[in-house]
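Only heavy atoms go into these numbers, but all of them, side chains included; no hydrogens, no water, no symmetry mates.
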Amino acid sequence: MNEKILAHYRKTGTYTYEGGYGNYFRSLPDEVSVLGRLICGQVIHRVTLQEGNTNANASFLYGDMERYPWYRMRCEDDVFLTAPAITAELFRLDERGFVSDRKTENKIVVTCRYVSVLMSAVLKAKGIPARCRAGFAPYFKQGISMDHWINQYYSLEEGRWITFDADGFYEEMGMPLTQYDMPEDRFDWAAEAWLAVRSGKTDGKQYVYADRLGTCSLPALARYLVYDFHALMNNELTYSFLPSYLTGRLDSLTEGELSELDRLAGLLLDPDRNFEELCIVWEQERKYRILSSPLVE
């Protein structure tokens, strides 16, 4: 692997910078599966909270949802955007930090992007090349591939990127998923899915963005194509952000704009081989980086 690429993924961005928690992050377990299960034990997914002590929370893997305080937010994604913010709140709720016996009432409610960001932040603090990836997971519900964030870290010993999903106790729940060393074909990468729809191989309705508005196919994939690009550039956008030129018109892009995204998807198919070209796009094509959010239009 090109050392320039590995150096890039050892660097942090706005969301994965360790802040004052560098020494603490480095003290956490080195084994990725142990670290992942520890971090997963600090959070509750909003869907798990909504469903209560059933389904995804089989055998109370995430804790007794009835103990979660009624006055707390049902999803804190908009509050804790960065790894230090997530960590600070966990320490505020339990001064021991990341502990395996954290009480349900002392957990935070965040979604997969936040677990992914925290995992990358800790690995980077340890000097391990790591990156968040944004795409779609086909292993949650039959026939549906839900928008999802996972991670990759580079193993110097094995000379490869290892793909893993720390946002759940999937193996404990009996899901047929090798969670901490996933074959790449177990995840629906945004670029591959985008190009499959654009080439007519599928209508893409199985690729769903969980906004509860029924967003699927190209509008969902365009969003995640951009998120994956930003993540690979160490800028792990949250769901509130989107390039301004795409905001409010993901379902009405021109053919020229679709073709531009085709080109981006082609590069994202192999982000290491195309690393230099992706960096050029990042530095020169401003439309992908000028963002809108609820407060900045």
- Message: Less than 3.5 Å apart, any donor N or O on the side chain of Tyr15 or Ser120 sitting next to an acceptor on the other?
- Response: no

- Query: Passes side-chain contact (heavy atoms from CB on, under 4.5 Å), Asp203 versus Val197? Steps please.
  - Reply: CA-CA 6 Å; Asp203 61 15; Val197 175; over 6 Å; no

- Got more than 12 heavy atoms from elsewhere within 6.0 Å of CD, Glu95? no

- Query: Can Lys103 and Asp64 be counted as an ion pair, charged N to O under 4.0 angstrom?
  - Reply: no

- Message: Are there over 12 heavy-atom neighbours, none belonging to Glu255, within less than 6.0 Å of that residue's CD?
- Response: yes

- Item | Centroid-centroid under 6.0 Å between Tyr288 and His230 rings | no

- Are Arg46 and Glu76 ion-paired here, with the side-chain N under 4.0 Å from a carboxylate O? no

- Query: Any chance the side chains of Thr163 and Gln152 put a donor and an acceptor closer than 3.5 Å?
  - Reply: yes

- Identify, with sequence neighbours excluded, every residue that meets ring pair (Phe, Tyr, Trp, His ring centres under 6.0 Å) alongside Trp189. Phe187

- Donor + acceptor pair across side chains of Asn151, Asp165 (<3.5 Å): no

- Task: Would you please indicate if the ring centroids of Phe136 and Tyr209 are separated by under 6.0 Å?
- Result: no

- Item | Main-chain N/O of Asn106 paired with Arg102 side-chain donor or acceptor, under 3.5 Å | yes

- Check: Glu277 side chain, Leu267 main-chain N or O, donor-acceptor pair, under 3.5 Å: no

- Tell me whether the centres of the aromatic rings in Phe229 and Tyr224 are closer together than 6.0 Å. no

- Straight-line distance of Arg286 CZ to Tyr245 OH, nearest 0.5 Å: 15.5 Å

- Message: So that I can tick it off, tell me whether Asp30 and Lys126 are bridged by a salt bridge, with the cut-off set at under 4.0 angstrom between side-chain N and carboxylate O.
- Response: yes

- Query: Does the ring center of Phe164 lie less than 6.0 Å from the ring center of Tyr153?
  - Reply: yes

- Query: Any cation-pi pair here, Arg289 with Trp282, using under 6.0 Å and within 45°?
  - Reply: yes

